Amino acid sequence: MTILKTDSDSAQKTAEALCSGKIVIVPTDTVYGFSGLVCSRFDSKALIFAAKGRAENKPLIQLVSSVEMLACYTNDVIPEELTALWPGPLTIIVNNLEGGTTAFRCPGEKWLREVIELSGGPLYSTSVNKSGEPVLHDVRTMEEVFAQDVALIVDGGDADPDAKPSTIVALSGNGVKIIRQGALSVPEHLLSEKQL
C-alpha cells in the first residue's frame, strides 16, 4: 500500500505498521530508506535484509529522534559540536550498551522524527535498492520492485537522483574519524587525524 506523506495521518499509519513488526519505505532527508522498528519482540532487520537480498552480517544504521534518545543507548560522551550538526545527514558510530558498536542518525526530516517518536524507539534504516544495485529514487519503481516486501510505502515525491547518503563518522581519540563522506562535511577541527 502507498500513502502520501502529506496525508494528515501518514505518520500515525507508518508508526502503527512499524509497531506491528512490519517494514516500510519512507522518505528521509537524504535518500528513501527501508525502515523497521528496533525491538526484541520481532526481527524487522531480517525482513529488510530479505527485501534487499543483503548479507545479514552487515550492520544497519539506527534512526533516533533526538540527542536525548541517543543517550539511552550509549554511555559515550559525544562532542557537542558534533551533535550540533543534528538533525541532519550525519551518522555517528558509538559504543552501545551491549559491548558492540551502533551507528545512529537523527534525520533532518521532521516528519520522520515524528514517526520515530510515535514508534517509541529507534528505527533501522538503509537505502532502497537491491544489494549491489543503484539506489532507487523514483517512487513508482519502488512500488514495482518492493511493494510485496513492505507493509507501506510513503510517497514524499521522487527523491533527487543526485542525493548523497549521510556522512558516517566514528569517535576516535578526542575527535572523529570519517568512515564515509556523504552529504555533510564535518568541520576539519573536529577530525582526530588529517584525512584526505
Side-chain angles (χ1 to χ4, degrees), residues 1-7 10-11 13-14 17-18 21-38 43-64 85-93 101-113 115-116 119 122-170 176-186 195-196:
M1 180 171 69
T2 299
I3 63 173
L4 296 176
K5 190 184 88 169
T6 53
D7 291 347
S10 63
K13 282 184 176 177
T14 304
L18 290 163
K22 299 181 174 121
I23 63 171
V24 300
I25 290 175
V26 294
T28 78
D29 49 329
T30 54
V31 296
Y32 271 79
F34 286 109
S35 276
L37 184 62
V38 180
D43 193 359
S44 58
K45 186 195 294 188
L47 297 177
I48 293 173
F49 286 142
K52 284 180 71 86
R54 180 176 177 177
E56 293 196 20
N57 59 347
K58 290 192 175 181
L60 294 177
I61 288 172
Q62 295 186 21
L63 301 179
V64 292
L85 300 173
W86 277 2
L90 176 68
T91 298
I92 306 171
I93 299 174
T101 59
T102 303
F104 288 98
R105 183 163 89 84
C106 180
E109 173 68 60
K110 183 180 179 182
W111 175 88
L112 185 50
R113 295 199 304 276
V115 170
I116 297 166
S119 301
L123 304 180
Y124 292 118
S125 181
T126 183
S127 58
V128 178
N129 60 304
K130 289 290 186 182
S131 187
E133 295 183 8
V135 173
L136 298 181
H137 302 280
D138 176 85
V139 175
R140 299 288 83 80
T141 304
M142 293 177 207
E143 289 176 327
E144 291 168 9
V145 177
F146 293 113
Q148 73 282 2
D149 298 307
V150 300
L152 204 61
I153 296 174
V154 181
D155 185 350
D158 292 347
D160 178 355
D162 296 321
K164 294 180 179 179
S166 65
T167 295
I168 301 177
V169 301
V176 298
K177 180 179 180 180
I178 294 178
I179 306 300
R180 178 182 74 190
Q181 182 60 58
L184 183 140
S185 294
V186 176
Q195 297 173 52
L196 299 177

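In this text, all values refer to a predicted model and were calculated from it rather than measured experimentally. Quick note: numbers below take in every heavy atom, side chains included, and nothing from hydrogens, waters or symmetry partners.
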Donor-acceptor pair, [X] side chain versus [Y] backbone, under 3.5 Å?
X      : Y      : answer
Lys5   : Val26  : no
Ser10  : Thr6   : no
Tyr32  : Gly156 : yes
Thr167 : Ser185 : no

Quiz prompt | Option passing side-chain contact (heavy atoms from CB on, under 4.5 Å) with Val169 (candidates Ile92, Ile179, Leu184) | solution =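 That would be Ile92.
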Quiz item: Do you know which of Val64, Ile116, Leu123 makes side-chain contact (heavy atoms from CB on, under 4.5 Å) with Pro107?
Solution: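 Only one of Val64, Ile116, Leu123 forms a side-chain contact (heavy atoms from CB on, under 4.5 Å) with Pro107, namely Ile116.
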For residues [X] and [Y], determine if any side-chain heavy atom of one lies less than 4.5 Å from a side-chain heavy atom of the other.
X      : Y      : result
Lys130 : Val145 : yes
Leu90  : Val186 : yes
Leu60  : Phe34  : no
Pro59  : Thr102 : no

Practice problem: Would you name the heavy atoms of Glu144 and Gln148 that are closest together and state the gap between them? | Solution: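 Here Glu144 and Gln148 meet closest at O-OE1, 4.4 Å.
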Quiz prompt | Distance-minimising heavy-atom pair for Arg180 and Pro165 | solution =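 Closest pair (atom of Arg180, atom of Pro165, distance): NH2-CB, 3.5 Å.
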Exercise. Evaluate whether atom NZ of Lys110 has more than 12 neighbouring non-hydrogen atoms of other residues, nucleotides or ligands under 6.0 angstrom away.
Key: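 Not buried by this count: 12 neighbours or fewer within 6.0 Å.
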Practice problem: I would like to know whether Ile25 and Asp149 meet side-chain contact (heavy atoms from CB on, under 4.5 Å); could you show each step before the answer? | Solution: CA-CA 10 Å; Ile25 290 175; Asp149 298 307; over 6 Å; no
Exercise. Kindly indicate, with the supporting measurements, whether the criterion side-chain contact (heavy atoms from CB on, under 4.5 Å) is fulfilled by Val24 and Val154.
Key: CA-CA 8 Å; Val24 300; Val154 181; 5.6 Å; no
Between atom [atom1] of [X] and atom [atom2] of [Y], what is the distance when rounded to the nearest 0.5 Å?
X      : Y      : atom1 : atom2 : answer
Lys52  : Leu47  : NZ    : CG    : 14.0 Å
Lys22  : Thr14  : NZ    : OG1   : 12.5 Å
Thr30  : Asp160 : OG1   : CG    : 11.0 Å
His137 : Asp162 : NE2   : CG    : 8.0 Å
Arg105 : Thr28  : CZ    : OG1   : 5.0 Å
Leu136 : Ser127 : CG    : OG    : 8.5 Å

Quiz item: side-chain contact (heavy atoms from CB on, under 4.5 Å) between Leu63 and Ile61: does it pass, once the steps are laid out?
Solution: CA-CA 7 Å; Leu63 301 179; Ile61 288 172; 4.2 Å; yes
Quiz prompt | Distance-only donor-acceptor check, side chains Thr91 and Ser166, under 3.5 Å | solution =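 The criterion, which ignores hydrogens and geometry beyond distance, is satisfied for Ser166 and Thr91.
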